[in-house]
Each structure stands twice: as C-alpha cells, then as structure tokens.
Amino acid sequence: MAIDRITLLGVPVDICTPDKLEDEILELLAKPGTKQIVFLSVWDLLKARRKGDFSECVKNASLVLPVSKSIIGGARFLRKPVPERYNPFSAVIQILSILESHYKTLYMLGSTKKILSKAEENVRATFPNLRVIGRYVGYYPKNIEDSIIAAIFKAQPSLVLLSDGVKEKNLWAYRRRNRFSSSIFLYYKEAFGIFSEKIKKINEKTFARGHEIYREVIHNPFKIFLLFSYIKYKILLVIYKFMKN
C-alpha cells in the first residue's frame with residue numbers, strides 16, 4: 001500500500017495526498033472483491049467509535065479520506081501524522097478523471113429518475129472516455145434490489161458511485177460486499193445533485209475554512225445540535241492526549 005493509515009480516537013484515517021491517489025485507485029482496481037472508499041466527517045468518526053456495522057465498515061474500508069477540518073486539527077493536536085483533507089466532490093472528480101484516463105467503467109446508483117438522467121448526461125459529456133455501463137435510481141422498492149445487485153455483479157464496473165436515495169449510505173455496499181465480484185464503491189450524497197446542476201457545490205473558500213457545516217444547518221436547522229457532538233469530540237481529544245502523556 002502506497003499510503004499510511006493512522007488511528008484518531010480509535011478510528012482509522014488514511015494519509016493519501018492527491019498525487020498518490022491515482023496509484024492507490026489503480027492498486028484497488030487490481031484487487032479482486034468489493035473495495036470501498038469512505039469520506040469521513042468528524043460526525044462519522046464519532047459514530048465509528050461505537051460498535052456496530054458502521055464501525056466495521058470504516059475499519060474495513062480500502063480507503064478512508066477525511067473531509068472535516070476538525071479531523072486534521074485533531075491529528076495535529078495529538079501529534080500524529082497529518083492526513084490530507086479532501087473536498088468530497090473534488091475527490092469524486094479526481095477519481096472519475098483517473099478512471100477515464102485508463103478507460104474504466106462506472107455504474108451510477110441513486111437519486112430520482114430526472115436527476116440521475118441529467119447527472120449521467122453531464123458525466124458522459126465531461127468524461128467521454130469513461131463508460132457508464134449502468135444506472136438505477138435510489139428510493140427503489142425492496143423487491144427490486146436483487147436485480148440491481150445482479151446487474152452490478154454482471155457488469156463488474158470499475159466504480160459504483162452511490163448518491164442520495166440509497167438509504168443505507170456507506171453501509172449499502174458494506175452489507176452486500178459478498179455479493180459483488182470486483183468493484184470500488186463510493187457513497188457521496190450530493191454527487192448526482194451537483195452533476196445534474198440541481199445542487200451547488202461548496203465554495204472552495206468556504207470548504208477551506210471548514211464552514212461547510214453552516215450550509216447544512218441552513219438546510220436543516222436541527223443540525224445545530226451537532227455542536228454538542230463537536231464539544232464531545234474536543235473533550236475526547238484532550239482525554240486521549242492526557243492518557244498519551
């Protein structure tokens with residue numbers, strides 16, 4: 001493996017600089033079986049500390065890329081190697097560009113018919129050498145799932161990109177990992193919304209400052225209560241540093 005993995009509050013985080021991402025993606029593609037890339041927020045990190053499927057999902061992920069500025073600050077506070085922080089949509093673009101340059105394939109799963117159709121159209125236009133070999137909407141009835149899994153198994157896409165409408169999010173691929181032959185799975189809720197131009201991507205300056213949470217609070221005021229989780233995170237960092245010393 002070309003990258004290093006650290007643990008932060010007991011949760012794995014990978015140190016993968018953008019210049020190493022292509023080699024890592026190609027290495028994953030060469031491996032058989034289900035692989036998974038996880039975008040890890042600070043809220044996900046706290047969730048992954050608890051026992052359960054999500055914790056196992058993150059621990060077993062092929063690549064865990066931090067997306068929260070707080071994770072970077074936490075690693076620095078505990079004097080650990082500092083990972084590279086990724087803007088999720090920019091990372092998706094980079095990954096698709098890597099796949100396109102090697103004439104790989106993509107399966108799209110999620111969102112509504114209208115949004116998915118527009119997203120596919122724009123992906124095809126932006127990445128002409130990336131073959132979209134299948135797609136299916138999210139919010140699908142349970143009796144359709146076996147057909148979706150069979151289609152992905154048969155097509156063996158290089159990447160399965162999952163977006164909104166996939167209820168189990170990252171856990172969708174993890175819980176079904178033994179039913180696929182060889183693909184990388186990546187969940188990013190806003191992917192198809194941004195590709196279809198229905199959702200605006202986060203401004204780079206806003207992301208660099210770590211202020212993307214404010215947009216989430218505007219769309220869902222109840223997320224203001226994440227402040228308590230953030231305080232918990234800070235307290236845990238202090239406890240871990242005290243124990244280390």
Side-chain angles (χ1 to χ4, degrees), residues 1-6 11-41 44 48 57-68 71-72 81-110 119-120 122-135 152-163 166 169-174 176-192 194-195 201 204 207:
M1 202 174 192
I3 60 174
D4 295 319
R5 173 167 285 192
I6 64 170
V11 178
V13 180
D14 288 320
I15 300 176
C16 180
T17 55
D19 60 297
K20 289 184 178 180
L21 188 58
E22 180 168 9
D23 289 341
E24 185 62 22
I25 295 297
L26 295 179
E27 186 176 323
L28 292 181
L29 288 172
K31 295 178 180 179
T34 301
K35 288 84 58 173
Q36 187 167 9
I37 299 173
V38 171
F39 289 142
L40 191 75
S41 70
D44 293 330
C57 172
V58 174
K59 288 177 182 177
N60 288 282
S62 304
L63 193 58
V64 181
L65 300 177
V67 298
S68 292
I71 294 179
I72 309 306
V82 179
E84 185 83 17
R85 180 184 177 218
Y86 280 83
N87 180 323
F89 188 70
S90 298
V92 168
I93 292 295
Q94 186 179 355
I95 291 169
L96 294 182
S97 297
I98 291 167
L99 295 177
E100 184 200 22
S101 67
H102 293 276
Y103 301 92
K104 299 299 183 179
T105 56
L106 173 69
Y107 190 100
M108 303 171 71
L109 176 61
E120 180 188 3
N122 288 339
V123 166
R124 288 182 184 275
T126 307
F127 307 98
N129 293 322
L130 176 66
R131 289 190 298 126
V132 180
I133 58 174
R135 63 182 169 96
I152 295 173
F153 177 86
K154 184 177 179 180
Q156 296 187 44
S158 306
L159 176 70
V160 180
L161 182 59
L162 304 99
S163 189
V166 178
K169 304 178 182 179
N170 281 298
L171 287 176
W172 192 90
Y174 176 73
R176 296 156 183 82
R177 61 194 181 283
N178 294 325
R179 301 183 66 182
F180 303 109
S181 52
S182 180
S183 293
I184 299 173
F185 289 78
L186 172 60
Y187 173 81
Y188 175 46
K189 181 181 178 180
E190 297 184 342
F192 299 163
I194 297 175
F195 275 128
K201 63 180 181 179
E204 287 293 342
F207 181 79

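Computed from a prediction, not measured in an experiment: that's the story for all the values here. The figures that follow rest on heavy atoms only: side chains count, while hydrogens, waters and symmetry mates do not.
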How long is the straight-line distance from [atom2] of [Y] back to [atom1] of [X], given to the nearest 0.5 Å?
X      : Y      : atom1 : atom2 : value
Asp14  : Ile3   : CG    : CD1   : 4.0 Å
Leu161 : Leu99  : CG    : CG    : 10.0 Å
Ile98  : Ile93  : CD1   : CD1   : 11.5 Å
Leu96  : Ser101 : CG    : OG    : 11.0 Å
His102 : Ile25  : NE2   : CD1   : 10.5 Å
Asp23  : Cys16  : CG    : SG    : 9.0 Å

Side chains of [X] and [Y] in contact at under 4.5 Å (non-hydrogen atoms):
X      : Y      : value
Ile37  : Ile95  : yes
Trp172 : Leu109 : yes
Glu100 : Pro128 : yes
Arg176 : Thr34  : no
Asp44  : Val58  : no
Leu106 : Phe127 : no

Between [X] (side chain only) and [Y] (backbone N and O only), is there a donor and an acceptor less than 3.5 Å apart?
X      : Y      : answer
Lys35  : Leu28  : yes
Ser183 : Pro157 : yes
Thr105 : Ile133 : no
Asp4   : Ile15  : no
Gln36  : Ala173 : no

Using the test salt bridge (charged side-chain N to carboxylate O under 4.0 Å, His left out), find all partners of Glu84 that sit at least two apart in sequence or belong to another chain.
->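 By the salt bridge (charged side-chain N to carboxylate O under 4.0 Å, His left out) rule, Glu84 matches no residue at all.
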Would you sort out whether Phe185 and Tyr174 count as a side chain to side chain contact (heavy atoms under 4.5 Å, CB included), showing the intermediate values?
-> CA-CA 9 Å; Phe185 289 78; Tyr174 176 73; over 6 Å; no
Can Leu40 and Val11 be said to form a side chain to side chain contact (heavy atoms under 4.5 Å, CB included), step by step?
-> CA-CA 10 Å; Leu40 191 75; Val11 178; 4.1 Å; yes
After noting the C-alpha distance and the side-chain angles of Ser90 and Glu204, does the key distance pass the side-chain hydrogen bond (donor to acceptor under 3.5 Å, both in side chains) rule?
-> CA-CA 10 Å; Ser90 298; Glu204 287 293 342; 3.2 Å; yes
Would you name the heavy atoms of Lys189 and Ser163 that are closest together and state the gap between them?
->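 For Lys189 versus Ser163, the nearest heavy atoms are O-OG, 2.7 Å.
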Nearest heavy-atom neighbours spanning Ala119 and Phe195 |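 Smallest interatomic distance, heavy atoms only, reads CB-CB, 3.8 Å.
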For Pro88, which residues count as a side chain to side chain contact (heavy atoms under 4.5 Å, CB included) partner, sequence neighbours excluded?
->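 Once residues adjacent in sequence are excluded, the partners of Pro88 under the side chain to side chain contact (heavy atoms under 4.5 Å, CB included) criterion are Phe39, Val67, Tyr188, Phe207.
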